[in-house]
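The next block holds one structure in the form of structure tokens; read it before the comments.
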Amino acid sequence: VAALMTAVSVIVGVSIMVGSFRGTVIEWLDQTLQADIYVSPPNVTANRVIGALAPDAVATARTWPGVERAVSSHTVQIALPQYDRLVQLGAVDGDVSDGNRPYAWVRPELGDDPWPAMGAGEGVIISEALALKENLPTPPPPITLPTADGPRDFPVLAVFYDYSSDQGSIFISDATYRELWDDDRVSAVGLFVAPGQSVDEVAAALAAEFAGRSDVLVQSNEALRRGPLEVFDRTFAITSALRLLAIIVAFIGVLSALLSLQLERARELGTLRATGMTRRQLWGLTLLETGLMGATAGLMALPVGYMLAWILVYVINVRSFGWTLRMDLQPEYFV
């Protein structure tokens, strides 16, 4: 019973953890990616855009008919000297989440929206992964960035939830970045289609405009969100295989143990048969005993599996990746 309970509790715990992780990522993508169309170079990884768009492509995307508003970003990898780690620095000229980005902490005087202050060059916004990995207090101290003009300190305006990098991400105003790094490149542009316009028609027309160019990729909101989820499912496919393997091993192990117990009880069962127990009654007795053992192990595995999932989600995951996940308890994980 203890061996079966352990195996089942691990299956339950890992299922809850993976399901919670996937549910949190889906919710984060829904909140963060609010633009209707995204224009970027074709080199797009699961967590960032590699390369830069040609200036004419950026101008065309911004002024395309049917586009109400456009926001751009440029992502580079930099080293933080004070923490001795590489992070992603994103120079942005607007919030692609359209005000829906979730925050772990925001300066009280800024209310719920730190972007106006960041756009004015008053500081930067850092990801939760960076704050947790470096055990930063609340409020976090200023962040030192190695600019082209030398190290520069930036106040931290907010800490946002981010699942694109476990090393950490920093958002800075595009104007501030251009001034201090002398870099005017753009990695991606998010387009908000005007009300009354068909997103599919605008996206199709824009894709036709860039047809034949290998340096521009036009994606819809749905296509861009589908990419990270495909990467997520491929990443955790090995977890599903290990879960199936654990079930098979547990089944074979418990079945072997029960068969051994039944063989050891041959004399007892023979006595029961000799005193009038039928073969059908013997089957019923065996299934009742083993069924009670399995039910006991299963019922004990449910709270133990939940405890294991809680540790995986709120302790191990936070310490390993710096990500706060939302516990997602679905009946199928326990079934």
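On a predicted model such as this, the values are computed, not experimentally measured, just so you know. Start at 1 with the first residue, then count along the sequence. What you see below is based on every heavy atom in this structure, not just the backbone, and it leaves out hydrogens, waters and symmetry mates.
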Check your understanding: Is it true that Glu289 and Arg265 have a side-chain N and a carboxylate O under 4.0 angstrom from each other?
Key -> yes
Check your understanding: Should the pair Arg22-Asp328 be classified as a salt bridge under the 4.0 Å nitrogen-to-oxygen rule?
Key -> no
Practice item. Give a yes or no on this: more than 12 heavy atoms of other residues, nucleotides or ligands lie within 6.0 Å of atom CD of Glu201. Key: no
Check your understanding: Hey, is the main chain of Ser169 close enough, under 3.5 Å, to the side chain of Gln88 for a donor-acceptor pair?
Key -> no
Practice item. Would you confirm whether Asp36, through its side chain, and Val193, through its main-chain N or O, come within 3.5 Å as a donor-acceptor pair? Key: yes
Exercise for review: Can you label the angle between the Tyr177 ring and the Trp181 ring as parallel, tilted or perpendicular, going by 30° and 60°?
Suggested key: parallel
Review point. Counting only N and O atoms by type, is there a donor-acceptor contact under 3.5 Å from the side chain of Ser320 to the main-chain atoms of Asn317?
Key: no
Point to revise | Single-linkage hydrophobic cluster Val1~Leu255, side-chain heavy atoms < 4.5 angstrom | key: no
**Study point:** Ring centre gap for Phe321 and Tyr163 strictly below 6.0 Å
**Key:** no
**Study point:** Short side-chain to backbone donor-acceptor contact, Thr275 and Leu272, under 3.5 Å
**Key:** yes
Review point. Is any NZ, NE, NH1 or NH2 atom of the basic residue among Arg213 and Asp56 found under 4.0 Å from an Asp or Glu carboxylate oxygen of the other?
Key: yes
Check your understanding: For Ser40 and Leu53, which heavy atoms make the closest approach, and how far apart are they?
Key -> C-CD2, 3.5 Å
**Study point:** Within the 6.0 Å centroid threshold, strictly below: Phe160 and Trp105
**Key:** no
Check your understanding: In terms of hydrophobic clusters joined by side-chain contacts under 4.5 Å, are Tyr333 and Val25 together?
Key -> yes
Point to revise | Same apolar cluster (I L V M F W Y, side chains within < 4.5 Å links), Val92/Val106 | key: yes
**Study point:** Ring-ring centroid check Trp323 Tyr161, cutoff 6.0 Å
**Key:** no
Review point. In this structure, which one of Asp183, Asp93, Asp174 forms a side-chain hydrogen bond (donor to acceptor under 3.5 Å, both in side chains) with His74?
Key: Asp183
Exercise for review: Give the C-alpha distance, both sets of side-chain angles, the deciding distance and a yes or no for side chain to side chain donor-acceptor pair (under 3.5 Å) between Thr147 and Asp149.
Suggested key: CA-CA 5 Å; Thr147 71; Asp149 296 332; 5.2 Å; no
Review point. Same cluster for Val156 and Leu130 if Ile/Leu/Val/Met/Phe/Trp/Tyr side chains link at under 4.5 Å?
Key: yes
Check your understanding: For the residue pair Phe236 and Phe21, is the inter-centroid distance of their aromatic rings smaller than 6.0 Å?
Key -> yes
Review point. Would you call Asp182 and Arg178 a salt bridge, using N to O less than 4.0 angstrom?
Key: no
Review point. Can you hop from Val189 to Val67 via hydrophobic side chains spaced under 4.5 Å?
Key: yes
Point to revise | Full working for side chain to side chain donor-acceptor pair (under 3.5 Å) between Arg326 and Ser20 | key: CA-CA 6 Å; Arg326 176 181 57 84; Ser20 299; over 6 Å; no
Check your understanding: Excluding sequence neighbours, so at least two apart, what forms ring pair (Phe, Tyr, Trp, His ring centres under 6.0 Å) with Phe192?
Key -> none
Check your understanding: Can we say Arg101 and Asp95 salt-bridge, meaning some charged N sits less than 4.0 Å from an Asp/Glu carboxylate O?
Key -> yes
Point to revise | Glu209 vs Thr60, side chain to side chain donor-acceptor pair (under 3.5 Å): CA-CA, chis, key distance, verdict | key: CA-CA 9 Å; Glu209 174 68 18; Thr60 301; 5.3 Å; no
